[in-house]
Q: 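Next up is a structure, given as structure tokens.
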Amino acid sequence: MNPVYITSIGKFLPGSPVSNDEIEDYLGKIGGKSSKSMRRILDQNKIRFRHYALDKEQKSLYSNAEMASRAIQDALTRNKEALQDKIDFLAVGTTQGDLLVPGFASMVHAETSLPVMEVATHHGVCASGMQAMKNAYLHVQSGEQQTAISCASEFPSRVFKHTRFEAQAGLAERTVPFDTDFLRFMLSDGAGAAVLQHQPSTSGLSLRIEWIDNKSYANLYDVCMYAGSNKENPEQASWLDYRSIHEAADDGAINLKQDIRLVNEMPKVGVNRFFELVDEGKVDPAGIDWMVCHYSSHFFREEIFRLLQLGGLTIPEEKWFTNLYTKGNTGAASIYIMLEELLNEGHLQPGEKVLCMVPESGRFQTSYMLLTVVGSAIEPGGAASQPVFEEREPEAPHLEYDEADHVQAQLVRQLVQVWIDFEQKLAQVPVIHKLYNQKFTLSDYKALMENIRQQVIDGSQWIARAASYIAIEHIDLRSTFIAHARDEHRDFQILERNYVAVGGELSKIQSGEKNIGSEALSAYLFQRASRDNPVDLIGAMWIIEGLGCRMARYWGEMIRDQLGLSDEEVSFLLYHSDSDEKHFERLEAVVQHPMLTADIAARIVKTAKTTARLYLLQLEELGNV
């Protein structure tokens, strides 16, 4: 049997952290009324922040599979090897995938664009992530595969949207039952992934898996956390047995629920298994350096401590680790997200023992995993092991507006949300991800310049066309657009000089075709520019000029430093950092213009969203012409 090592771990947490006061801004208030149970539940679970893959209009910003894919990409990028073409096996766990059929692992595999491989879907609740981990572990341990990925992802927030409950006839004259309302304020979204290999990483730390123990107690207990039936209506065993999906929904059968009468059994089951593992000689409490426990609420932490003390076997409180209070309860993904923080933020030392515990209340399972930290906390050259890239918090460019004007204020708030989402997704685009993790090459830089050149040329052209369609009574706005086009019409020449300066052939960049993302972006912008009074293109400028204002110097300096270039060889990016700040003054003139209405503001936001998605596509499709 081969030893098995976790050589890298990644995560994806969607959006900005959401505080307790903001929860119902994202999930909505059922019937327009705040939950009477919320404060009680939050007081017990002690969670202060969580992440949602929804916006405040309850629209999904990602799919569950996409979040899993982003966590996998993060894990692969953090790995010391280039593994994109070496993954042999993918195991994925979740509570609810995006589709009923096919399996979630197939959807994640498609999203990652990794090569043909064996996949396995593990469907359950919290333990499904550990089931995926054990499957990947056994595949590598047996020698059948050398490199595997284990992943878990959760997207519960979308089943807690207020509109889902408001549409249920069974709730027309009663409040949402506590067993459902309880979970609305317990669960949140996120994904984690681990790379498993038959040998440790060539540098830095790895986690050797000593053993994984998964046990089901479904033969002893009824379902506790469940969806697809209604215990109050025993005549229908499953939502599939109702006469229609509408009848099942009206009866609450499709709601995710927690049987509060049973859930307190979960800590007992988990602690009993801990005692058994000690008796079996698998766990030495005195030898544990880190106890990483997925307790879904602070309430259960205290109960676990109490039960351990009653049994006379304790692990000191200072050895327990969780990020429940700041990352939220992400179900099956929680254990990955905790281990990611431990490994990637410098908490671990070689030789330490890490015991992981994941109790599940679905129909009662417990999972334990023992890890040994191996390798060196000192990288070659003597530097302490640290994340390659210190990720900075997304932040929208500053835009002046009249705070007393409701339309302006709402427009700017929505544009900021669009930008935050855009910047988070930018970090996951392969070429940018490489840049952020110091794996960027000269070929990447040339490819980037080749692929954005035509869009740079088109920029002044669609802005000029838009100016020609602005009515004469808005001559001031027309002048603003014309001035903007005039500033940008020679920018492509700076880009060409940079390309030649780093060894590219001028004829190659000048003869290059648009990639399929650039085609879509260009077509969309010219189409919008050819309409009467196309002031919604301010939304496009918000994204494109925002890139210059917020990202250009950031990227330019990283490219310069990683490739050993001069300022002159990245001058296009450095120039746009300065010039686009001036362009923002023109955006502010439009935002503060008297012609702005709620309808125009809505069109600006939609154009910003569309431009953001198409710009990402342009960067994702480098070289695909």
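Keep in mind that the numbers below use all heavy atoms, side chains included, and drop hydrogens, waters and symmetry copies. None of the values given here were measured: they were computed from a predicted structure.
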Q: The criterion is side chain to side chain donor-acceptor pair (under 3.5 Å); which residues satisfy it with Y5, sequence neighbours excluded?
A: none

Q: Can you pull out every ring pair (Phe, Tyr, Trp, His ring centres under 6.0 Å) where at least one residue sits in residues 77-111? Sequence neighbours excluded, please.
A: F89-H139

Q: Between the side chains of D181 and R39, is the shortest nitrogen-to-carboxylate-oxygen separation below 4.0 Å, so that they form an ion pair?
A: no

Q: Restricting to side chain to side chain contact (heavy atoms under 4.5 Å, CB included), what partner residues turn up for L61, sequence neighbours left out?
A: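 Partners of L61 under the side chain to side chain contact (heavy atoms under 4.5 Å, CB included) test: D55, D421.
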
Q: With Q131, which residues qualify under side chain to side chain donor-acceptor pair (under 3.5 Å), at least two apart?
A: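 Partners of Q131 under the side chain to side chain donor-acceptor pair (under 3.5 Å) test: Q365.
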
Q: Output all residues satisfying ring-ring contact (aromatic ring centres under 6.0 Å, His included) with Y137, sequence neighbours left out; order by chain, then residue number.
A: none

Q: Could you pull out all residues at least two apart from H298 that satisfy ring-ring contact (aromatic ring centres under 6.0 Å, His included)?
A: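 Applying ring-ring contact (aromatic ring centres under 6.0 Å, His included) to H298 gives Y325.
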
Q: Using 30° and 60° as the class boundaries, would you call the ring planes of W290 and F321 parallel, tilted or perpendicular?
A: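 Rings of W290 and F321: perpendicular, as their planes differ by over 60°.
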
Q: Could you list the residues that satisfy salt bridge (charged side-chain N to carboxylate O under 4.0 Å, His left out) with R413, not counting sequence neighbours?
A: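 R413: no salt bridge (charged side-chain N to carboxylate O under 4.0 Å, His left out) contacts found.
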
Q: Run the side chain to side chain donor-acceptor pair (under 3.5 Å) test against S19 and tell me which residues pass, sequence neighbours left out.
A: E22

Q: List the residues meeting ring-ring contact (aromatic ring centres under 6.0 Å, His included) with F12, not counting sequence neighbours, and say none if there are none.
A: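 Result, ring-ring contact (aromatic ring centres under 6.0 Å, His included) vs F12: Y62.
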
Q: Between E620 and R613, does at least one N-O distance fall below 4.0 Å, as a salt bridge requires?
A: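 A salt bridge links E620 with R613.
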
Q: For residues 179-199, which residue pairs pass the ring pair (Phe, Tyr, Trp, His ring centres under 6.0 Å) check, not counting sequence neighbours?
A: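 Every pair satisfying ring pair (Phe, Tyr, Trp, His ring centres under 6.0 Å) with a residue in residues 179-199: F178-F182.
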
Q: With sequence neighbours excluded, tell me which residues meet ring-ring contact (aromatic ring centres under 6.0 Å, His included) with F422.
A: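 W419.
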
Q: Can you list everything that forms a side chain to side chain donor-acceptor pair (under 3.5 Å) with Q455? Sequence neighbours excluded, please.
A: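 Scan of Q455 (side chain to side chain donor-acceptor pair (under 3.5 Å), adjacent residues dropped) gives none.
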
